[in-house]
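I have placed the structure first, in the form of C-alpha cells, so that the comments after it can refer back to it.
As the structure is a computational prediction, the values presented were derived from the model and not from experiment. Convention: sequence-line order gives letters A, B, ...; per-chain numbering from 1.
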Amino acid sequence: MYALIDGNNFYVSCERVFRPALNHTPVVVLSNNDGCAISRSNEAKALGVAMGEPFFKIADLQQKAGLVALSANFALYGDMSQRMMTVAAGLGPEQEIYSIDESFVSLAGVRGDLLVRARRVRERILQWTGLPTCVGIGETKTLAKLANHIAKTAERKPGVYARDLAQVCHLGTLSKEARQTVYQSSDVGEIWGVGRRIGARLQEAGVNTVWDFLQLDPAIVRQNFGVVLERTWRELHGVPCIALEHAPANKQEIACTRSFGQGIVSLEPLIQSVCEFASRAGEKLRRQRSCASQVLVFIRTSPFRAGPRYSQSVVVPLRRPSANTADLVSAAVTGLKLIYKPGFQFAKAGVMLLDLSADNHHQGELELECEEDETHAVQAPRLMHALDTLNQRYGRGTLAMASTGLTERTRLWSMRQERLTPQYTTSWQDLPIARA
DNA sequence: TCTGGGGTCCTAGGACCC
DNA sequence: TCTGGGGTCCTAGGACCC
C-alpha cells in the first residue's frame, strides 16, 4: 500500500503562509520573468486561469477580479517543501520525494487504521507548516496518485465524488461498487501516465473514463500505446510495477536554461548568459559528484512571435570528462560561437551537461600525485570546492568565472560587483505556525 | 511589449559489424 | 521481377511527469 501526499496549489499556499491576507482571494505565482502562471489558488482557477497561461493574457483580471500575481520565490518554496516532507515522512517506513510538493510513502507494515493515521499526518502538516495537503492511498503508486486526485477534487468541486473522499482518500476502504462509481466519474486523462496525446487517442477510441480504460485488454493497450501504458494499466488493476525509489538517483543529464525577458540580438550578452548557465550546471554536477563528457548549448528565437526563426544546438565533446567550471564554460562558449547567427531576436538559451560519469578524480583529491601534468588536475577540484562553498555561504553569484568571450583561453576569476537579489533568509524557527 | 525550467523513458531507424 | 540476416550501438524524436 502506498500513500501520495501532495501540497494543494503549493507555491500559492507557501505565499499564503506568510501573507494570510491572501487567503480567499484569487492568487497566481508567476514563472521567471513573470512569464506565465505556474501556481493558481482555487479562486484563480475558478476565474478560468489555466496552468501555464501567459501572464499578459490574464493581467486584466487584476483590475476586473482582484487577482493577485506574485513573482516566484523558489528559495522559499524549497525551504517549505523540506519541512512538509519531514512531517509527511512520519506516515510510513519509507518515503520517496517525487517533486517539490509531492512524496510517496510506503505503508508496508504499518498497522492500525490507515485513514485515521493519514488524517492525523495531514493535520500535523497543516499545523506545523501552514500548508494544506491532500492524501491518496492505494495498492500501487498509480492508484495512490489517482486517489490523491480524487481527494483534491472532492474537496474543490463538491458533487463530482462523494464528500467523505475529500482531503484523504483511501481506495482500499471502498466497496467494489463504490470503486466502480469512482472510476466511472474519473476522466481517463487524470491517470498518471496519460497525457494530452494519449488521452485524446483513448477518447477517440471511446475510452473516456478510468473505468473504460480498466476494461481494455492489456495486450491491446501494449500494442497500441506501448509498454509504458500497459504498466499503467496493470498498476491500476492493483499490480505494483513501479517501485518506490528511496535514494534519488544521480541525474543522467543536467540542464540550465532560461527564457530572456527581452529578446537578445547580439553575441556578447548571449555569451554572458551561457557562461552563467554552464557555471550553474557545473555546481549541480559537482553536488552529485559527477563529471560530464559533453556539453550541449542551444539558442532559440521565440516560437510565439512573428519574425525570422532560428533554433540550433550543438554538442561539444570535452577532451576528458570534467567537473571544472572553466572547462564547461569554455566548451559552452565554443559551441555558442559555432551556432550563433546575427539578425535574430533570441528568446531562450541553455546549457546541458551530457554523458555523465562518477567523478573518481575528485574522490582522490587529497592524494597528491607527482606527475608534472597533475598540477592543474589537483588544483582544479579544490578551486571548484572553494567556489561552491563561497557561493553557498554568501549567495549565488558571489564568485563567478568570467569569460572575455573572444579569447578563449583567457580565464579570470572575479568578484562580481552586483550581487543577485538577497536570498530568502527566514529560518525554520521564524516561521509563524498556527497551533491549534 | 509580454508565453517556465527542469527531468525521464521508450522506440524507430541508421550505421556498422560479422 | 528478385538483392542476407541478425546483433549492437547510437541518436533523434515523441511521449510523459512536475
Item to check | Nearest-nucleotide pick for A:I198, side chain only, options being C:dC17, B:dT3, C:dC16 | outcome: C:dC16

Item to check | A:F277 CZ - B:dG6 C1' separation (whole Å) | outcome: 13 Å

Item to check | Whole-Å gap separating C1' (B:dT1) and NZ (A:K57) | outcome: 15 Å

Checklist entry - Taking CD1 from A:I97 and C1' from B:dG7, how many angstroms apart are they, rounded to a whole number? => result 16 Å

Checklist entry - In terms of side-chain heavy atoms of A:E102, which of C:dC18, B:dG4, B:dT3 is nearest? => result C:dC18

Checklist entry - Between A:R258 (CZ) and B:dT3 (P), how many Å, whole number? => result 15 Å

Checklist outcome for this item: A:I242 atom CD1 is separated from C:dC17 atom C1', nearest whole Å, by 11 Å

Checklist entry - Is it true that A:W233 and A:F225 have ring centroids separated by less than 6.0 Å? => result no

Checklist entry - Hey, does A:G226 reach any base, or is it just sugar-phosphate, or nothing, if we go heavy atoms under 4.0 Å? => result nothing

Checklist outcome for this item: Taken to the nearest 0.5 Å, the spacing of A:Y161 OH from A:H149 NE2 works out to 3.5 Å

Item to check | A:W192 and A:F104 aromatic centres sub-6.0 Å | outcome: yes

Checklist entry - Checking all strands, does A:R231 fall into the base, sugar-phosphate, or nothing category for heavy-atom contacts under 4.0 angstrom? => result sugar-phosphate

Checklist outcome for this item: For A:A323 and A:C291, the nearest pair of non-hydrogen atoms, with its separation, is N-SG, 4.1 Å

Next on the checklist: The side chain of A:C256 is closest to which nucleotide in this list: B:dG6, C:dC18, B:dG4?
Outcome noted: B:dG6

Checklist outcome for this item: Stems in DNA chain B, runs of 3 or more consecutive Watson-Crick or G-U wobble pairs with both distances under 3.5 Å, sorted by first number, are B:5-18 with C:5-18

Next on the checklist: On DNA chain B, does the nearest nucleotide to A:G263 precede the nearest nucleotide to A:V227 from the 5' side, or the other way round? Give the residue.
Outcome noted: A:G263

Next on the checklist: Students often get this wrong, so: under 4.0 angstrom with heavy atoms, is A:Q252 touching a base, only sugar-phosphate, or nothing?
Outcome noted: sugar-phosphate

Item to check | Nearest-angstrom distance from the residue atom CG of A:L296 to C1' of C:dC10 | outcome: 16 Å

Checklist entry - So, A:T140 and A:R234: side-chain donor and acceptor under 3.5 Å apart, yes or no? => result no

Next on the checklist: Nearest to the side chain of A:F56, heavy atoms from C-beta on, is which of B:dG5, C:dC18, B:dT3?
Outcome noted: B:dT3

Next on the checklist: What contact category does A:F55 fall into here, base, sugar-phosphate, or nothing, at under 4.0 angstrom with non-hydrogen atoms?
Outcome noted: nothing

Checklist entry - At under 4.0 Å between heavy atoms, what does A:K251 touch on the DNA or RNA strands: base, sugar-phosphate, or nothing? => result sugar-phosphate

Checklist entry - Under 4.0 angstrom, heavy atoms only, what part of the nucleic acid is A:L229 near: base, sugar-phosphate, or nothing? => result nothing

Checklist entry - Say you pick atom P in B:dG14 and the same atom in C:dG4; how far apart are they, in whole Å? => result 16 Å

Item to check | OP1 or OP2 of B:dG5 under 4.0 Å from side-chain N/O of A:S259 | outcome: yes

Next on the checklist: For A:Q63, is the CD atom crowded, meaning more than 12 foreign heavy atoms sit under 6.0 Å from it?
Outcome noted: no

Checklist entry - With a 4.0 Å cut-off on heavy atoms, is A:N33 in touch with a base, just the backbone sugar-phosphate, or nothing at all? => result nothing

Checklist entry - Going through the distances and angles, do A:Y340 and A:Q312 end up as a side chain to side chain donor-acceptor pair (under 3.5 Å)? => result CA-CA 8 Å; A:Y340 175 77; A:Q312 190 58 268; over 6 Å; no

Item to check | Nucleotide C:dT11, atom C1' - distance to CG of A:D355 in whole Å | outcome: 13 Å

Next on the checklist: Can you see if the side chain of A:R305 gets near the phosphate of B:dT1 - specifically, an N or O under 4.0 Å from OP1 or OP2?
Outcome noted: no

Next on the checklist: Taking A:L131's backbone N and O only, do any of them form a donor-acceptor pair with A:S13's side chain (distance below 3.5 Å, no angle check)?
Outcome noted: no

Next on the checklist: What contact category does A:L30 fall into here, base, sugar-phosphate, or nothing, at under 4.0 angstrom with non-hydrogen atoms?
Outcome noted: nothing

Checklist entry - DNA chain B: A:E253 or A:Y11, which has the more 5' nearest nucleotide? => result A:Y11

Checklist entry - For A:H24, does the NE2 atom have more than 12 heavy-atom neighbours from other residues, nucleotides or ligands under 6.0 Å away? => result no

Next on the checklist: Looking only at the side chain of A:I38 (C-beta and beyond, no hydrogens), which of the listed nucleotides B:dG7, C:dC16, B:dG4 gets closest?
Outcome noted: B:dG4

Next on the checklist: For a quick check of understanding: with a heavy-atom distance under 4.0 Å over all strands, which category does A:I254 fall into, base, sugar-phosphate or nothing?
Outcome noted: sugar-phosphate

Item to check | Between C1' of C:dC18 and NZ of A:K141, the distance in whole Å | outcome: 14 Å

